[in-house]
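Single-structure report; data block below.
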Amino acid sequence: MDVVNESEDTRLQDFIRDVVRADLASGKVKGVVTRFPPEPNGYLHIGHAKSIVLNFGIAEEFGGRCHLRFDDTNPAKEEQEYINSIKEDVRWLGYEWGADLYHTSDYFETLFEWAVHLINHGKAYVDDSPAEEIRKMRGTLTQPGKNSPCRDRSVQENLDLFTAMRAGEFAEGSRVLRAKIDMASGNINLRDPVIYRILHASHPRTGDKWHIYPTYDFAHGQSDAIEHVTHSLCTLEFADHRPLYEWFIDNLPVPARPRQYEFSRLNISHTVLSKRRLIQLVNEGHVSGWDDPRMPTISGLRRRGYPPAAIRDFVRRVGITKSDNVIEMALLEHCARENLNRNAPRRMAVLNPLKVVIENYPEGPGEELEAVNNPQDESAGTRMVPFSREIYIERGDFMEEPPRKFFRLGPGREVRLRYAYFITCVGVIKDESGEVTELRCTYDPATRGGDAPDGRKVRGTIHWVSAAHAITGQVRLYEHLFTDVEPGAGGDMLDDLNPDSLKLLENARLEPSLSKSKSGAPVQFERQGYFTRDPDSSAEKPVFNRTVALRDSWAKIQKKN
RNA sequence: UGGGGCGUAGCCAAGCGGUAAGGCAGCGGGUUUUGAUCCCGUCAUGCGCAGGUUCGAAUCCUGCCGCCCCAGCCA
């Protein structure tokens with residue numbers, strides 16, 4: 001394979017990479033530096049993955065580096081727990097920041113000096129107005145704001161007040177420092193934005209050292225400058241902040257001039273990706289936690305069994321643009337299947353067991369039959385699977401009155417047991433209520449391994465597991481968390497919760513080799529889907545989560561009729 | 001009624017004045033010891049709408065229309 005051509009073919013194209021290439025080509029920047037700047041106040045979700053893959057990906061592609069920077073300017077809502085989970089998730093996604101781990105709080109002292117610099121140049125002032133008053137004076141979207149009565153304080157008075165603010169001499173919320181820009185600007189962010197507020201909260205990293213904390217706007221661009229970030233990539237809602245970002249860069253003695261570029265955030269059908277709504281799902285108990293396999297969080301996807309490579313592939317396929325979008329969940333699922341098809345070893349598992357007795361098969365321990373581990377990967381080899389007179393098959397693989405095109409088992413019908421024998425159904429046993437409790441079958445010893453020497457064909461091949469050898473486990477089948485493409489579009493997202501998003505199967509019968517499977521490792525249950533062992537598993541009872549079902553054209557045919 | 005952003009197929013998305021890439025979904029067919037995978041075919045006389053410039057326009061100009069974001073001492 002021609003490696004050079006391959007990398008050409010897969011070269012990613014988007015407006016941000018265009019800018020990076022141009023800046024590198026013109027010599028505007030000598031190397032590219034990006035950053036992923038999460039606020040440690042929640043768990044990462046797949047929307048963050050888009051940003052992570054973009055930022056770390058660009059650094060990788062252009063031989064630069066990507067910083068991991070915790071944007072920890074608000075001690076009121078940030079916690080160490082989140083810092084830990086974020087690091088774990090970024091690593092799991094396949095990225096490493098090396099020595100480039102930073103915190104905005106590392107720059108608090110510099111930021112303070114720069115605020116003083118602004119005051120000294122008459123470009124910032126302390127405002128004593130209550131929050132409510134400041135809000136009123138800000139004006140509206142269509143009407144200009146009004147100048148605060150504090151706007152023309154002397155430099156000295158501002159300095160004294162700001163110093164006292166730092167010393168913790170004022171009550172929380174009693175005063176703020178504002179940049180003096182333009183109360184009549186059409187851009188509300190320029191109407192004398194608050195850049196420091198009083199917060200008597202203990203910070204996870206700086207403890208009780210500070211009583212004032214910079215706002216996002218006053219911290220972000222300057223942090224980028226301090227770190228010599230060249231391309232500061234963020235989502236569209238920050239586009240309005242860019243003039244402010246640049247105003248600080250223009251008015252402060254910063255060591256570099258980073259540039260901000262905005263792209264649209266990721267949206268996915270049948271789920272929600274806003275921090276607020278994710279928190280609500282967790283806090284109100286609609287899911288078991290941040291890592292519930294139905295959650296679009298990185299930890300949820302991990303527990304669900306999504307390979308990190310599939311997530312990277314997904315966000316790359318989605319692309320980077322400035323248009324609003326809602327990506328169909330089907331694309332994410334496709335990426336998972338494509339990866340798992342290549343990598344997941346195959347096993348047999350009967351989710352809804354129905355006992356089958358093979359009347360002409362000898363009693364006793366049975367035999368072992370060879371099964372292929374992965375038809376897509378010869379190097380995965382084969383394994384031996386025990387077979388005996390009593391087995392379990394899937395209830396859904398038998399119908400007493402099969403409709404047209406049903407290729408599986410029915411009275412008098414013959415099917416192939418995968419890697420085993422052809423069997424024919426010769427009897428159906430039911431209980432008083434009429435429910436089928438057992439099937440009686442005969443097998444053809446000549447079809448051992450699954451091939452008929454006489455060339456006889458069967459339409460169906462079904463999976464099975466030896467009753468005496470099977471281990472019993474719990475299987476969790478997941479569906480979309482929401483029934484609606486856009487949850488909450490019609491009001492409350494809770495109205496759109498899918499009542500069937502989790503189905504528990506307590507009595508699944510698993511091929512014995514499954515007792516050895518490791519949590520997180522993918523496995524395909526033949527004819528059903530991709531699964532992974534859940535950490536809830538116990539020694540006696542393994543638990544498997546369904547990552548994604550196999551495509552099912554039979555279900556599609558049934559739906560049509 | 002202010003400022004910013006965006007409109008190419010059901011969902012994404014290339015395209016940068018020379019006659020609409022690709023992926024997902026869908027549909028049709030072939031192979032198959034997974035109704036899986038894989039393979040083949042099909043899917044925009046059309047690029048929000050209306051004018052204009054040009055030999056030629058999704059690309060340039062003008063005017064409309066629609067959608068998203070902004071009035072936290074959140075990020």
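Just the heavy atoms: all of them, side chains too, but no hydrogens, waters or symmetry mates, feed the values below. Protein chains get the first letters and strands the later ones, always in sequence-line order, with residue 1 at the start of each.
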Please indicate yes or no: is the ring centre of A:Trp554 less than 5.5 Å from the centre of the six-membered base ring of B:G35, with the two planes inclined by under 30 degrees? yes

Quick one: A:Gln143 CD to B:G2 P, roughly how many Å, whole number? 12 Å

Tell me the interatomic distance from A:Met399, atom CE, to B:G35, atom P, rounded to whole angstroms. 16 Å

Upstream residue (5' side of RNA chain B) when A:Asn187 and A:Asn341 are each assigned their closest nucleotide: A:Asn187

Got a donor-acceptor contact below 3.5 angstrom from the A:Tyr196 side chain to the A:Phe112 backbone? yes

Across every strand shown, the nucleotide meeting Watson-Crick or G-U wobble geometry with B:U59 (both distances under 3.5 Å) is none

Near-ring test A:His220/A:Tyr216, centroid separation under 6.0 angstrom: yes

Answer yes if the ring centres of A:Phe248 and A:Trp114 are under 6.0 angstrom apart, and no otherwise. no

The nucleotide from B:C73, B:G4, B:C24 with an atom nearest the side chain of A:Ala330 is B:C24

Does B:C74 have its OP1 or OP2 closer than 4.0 Å to a side-chain nitrogen or oxygen of A:Arg276? no

Enumerate the protein-to-nucleotides 13-17 of chain B contacts in which both atoms are nitrogen or oxygen and the separation is below 3.5 Å.
unit_1	atom_1	unit_2	atom_2	d
B:A13	OP1	A:Thr321	OG1	2.6

Only pairs with both distances under 3.5 Å count, Watson-Crick or wobble alike; so what is the partner of B:G46 in this structure? none

Roughly, in whole Å, what's the span from CZ in A:Phe525 to C1' in B:U34? 14 Å

Taking pairing as Watson-Crick or G-U wobble with both contacts under 3.5 Å, can you name the mate of B:U34, or confirm there isn't one? none

Students often get this wrong, so: under 4.0 angstrom with heavy atoms, is A:Pro243 touching a base, only sugar-phosphate, or nothing? nothing

Whole-Å distance, A:Arg416 CZ to B:G35 C1', equals 13 Å

Side chain of A:Asp552, base of B:G35: donor and acceptor closer than 3.5 Å? no

Is it true that A:His203 and A:Phe108 have ring centroids separated by less than 6.0 Å? yes

Measure the distance from CD1 on A:Ile462 to C1' on B:U34 and round it to the nearest whole Å. 12 Å

Scan the side chains in residues 36-49 of chain A for donor-acceptor partners under 3.5 Å anywhere in the protein, sequence neighbours excluded, and list what turns up.
unit_1	atom_1	unit_2	atom_2	d
A:Glu39	OE1	A:Asn41	ND2	3.0
A:Asn41	OD1	A:Lys275	NZ	2.7
A:Tyr43	OH	A:Glu81	OE2	2.6
A:His45	ND1	A:Gly47	N	2.9
A:His45	NE2	A:Leu273	O	3.1
A:His48	ND1	A:His45	N	2.9

Give one of base, sugar-phosphate or nothing for A:Asp240, where a contact means two heavy atoms less than 4.0 Å apart. base

Counter-base of B:A25, judged by Watson-Crick or G-U geometry with both distances under 3.5 Å: none

Just to verify, which of A:Arg408, A:Arg416, A:Arg527 counts as forming a side-chain hydrogen bond (donor to acceptor under 3.5 Å, both in side chains) with A:Thr461? A:Arg416

Is the distance from OP1 or OP2 of B:C69 to the nearest side-chain N or O of A:Arg265 less than 4.0 Å? no

Counting only Watson-Crick or G-U wobble pairs whose two distances fall under 3.5 Å, which nucleotide matches B:G66? B:C6

Closest approach to the side chain of A:Leu550, judged atom by atom: which nucleotide of B:C27, B:G4, B:A36 is it? B:A36

Taking 4.0 Å as the cut-off, does a side-chain nitrogen or oxygen of A:Arg551 come that near to OP1 or OP2 on B:U37? yes

For B:U37, does either OP1 or OP2 sit under 4.0 Å from a side-chain N or O belonging to A:Arg337? no

So which one's nearest nucleotide on RNA chain B is more toward 5', A:Ile188 or A:His220? A:Ile188

For the residue pair A:Phe544 and A:Phe525, is the inter-centroid distance of their aromatic rings smaller than 6.0 Å? yes

B:A13 pairs with which nucleotide, Watson-Crick or G-U wobble, both distances below 3.5 Å? none

Quick check on B:G72: syn or anti? Syn means the glycosidic torsion is within 90 degrees of zero. syn

Selected nucleotide, minimal atom distance to A:Phe238 side chain, candidates B:A75, B:G72, B:C73: B:A75

Report yes if a side-chain nitrogen or oxygen of A:Thr215 is closer than 4.0 Å to either non-bridging phosphate oxygen (OP1 or OP2) of B:C74; otherwise report no. no

Using a strict 4.0 Å threshold on nitrogen-to-oxygen distance, state whether A:Lys322 and A:Glu262 make a salt bridge. yes

By side-chain contact (heavy atoms from CB on, under 4.5 Å) - contacts of A:Arg383 (at least two apart): A:Arg347, A:Ala371, A:Asn373, A:Val385, A:Glu511, A:Ser513

Shortest non-hydrogen contact from A:Ser202 to A:Pro75? O-CB, 3.8 Å

How many Å lie between CE on A:Met165 and P on B:C73, as a whole number? 13 Å

Can you tell me if A:His334 touches the phosphate of B:C24, counting only side-chain N or O atoms and a distance under 4.0 Å to OP1 or OP2? yes

Side-chain N,O (A:Arg418) to OP1/OP2 (B:G35) below 4.0 Å: no

Taking only the side-chain heavy atoms of A:Thr140 (C-beta and beyond), determine which of B:C24, B:C12, B:A71 contains the nearest atom. B:A71

Ranking B:C74, B:C73, B:U34 by distance to the side chain of A:Asn74, first place goes to B:C74

Quick one: the side chain of A:Arg342 and the base of B:U37, do they pair up donor-acceptor inside 3.5 Å? no

Taking B:U34, B:A71, B:C24 as options, the one with an atom nearest any side-chain atom of A:Leu141 is B:A71

Report the distance from atom CD of A:Glu486 to atom C1' of B:C67, rounded to the nearest whole Å. 12 Å

Atom CG of A:Leu409 and atom P of B:G35: how far apart are they, to the nearest Å? 14 Å

B:G5 base / A:Glu262 side chain donor-acceptor hit below 3.5 Å: no

Side chain of A:Thr73: nearest nucleotide among B:A75, B:C74, B:A71? B:A75

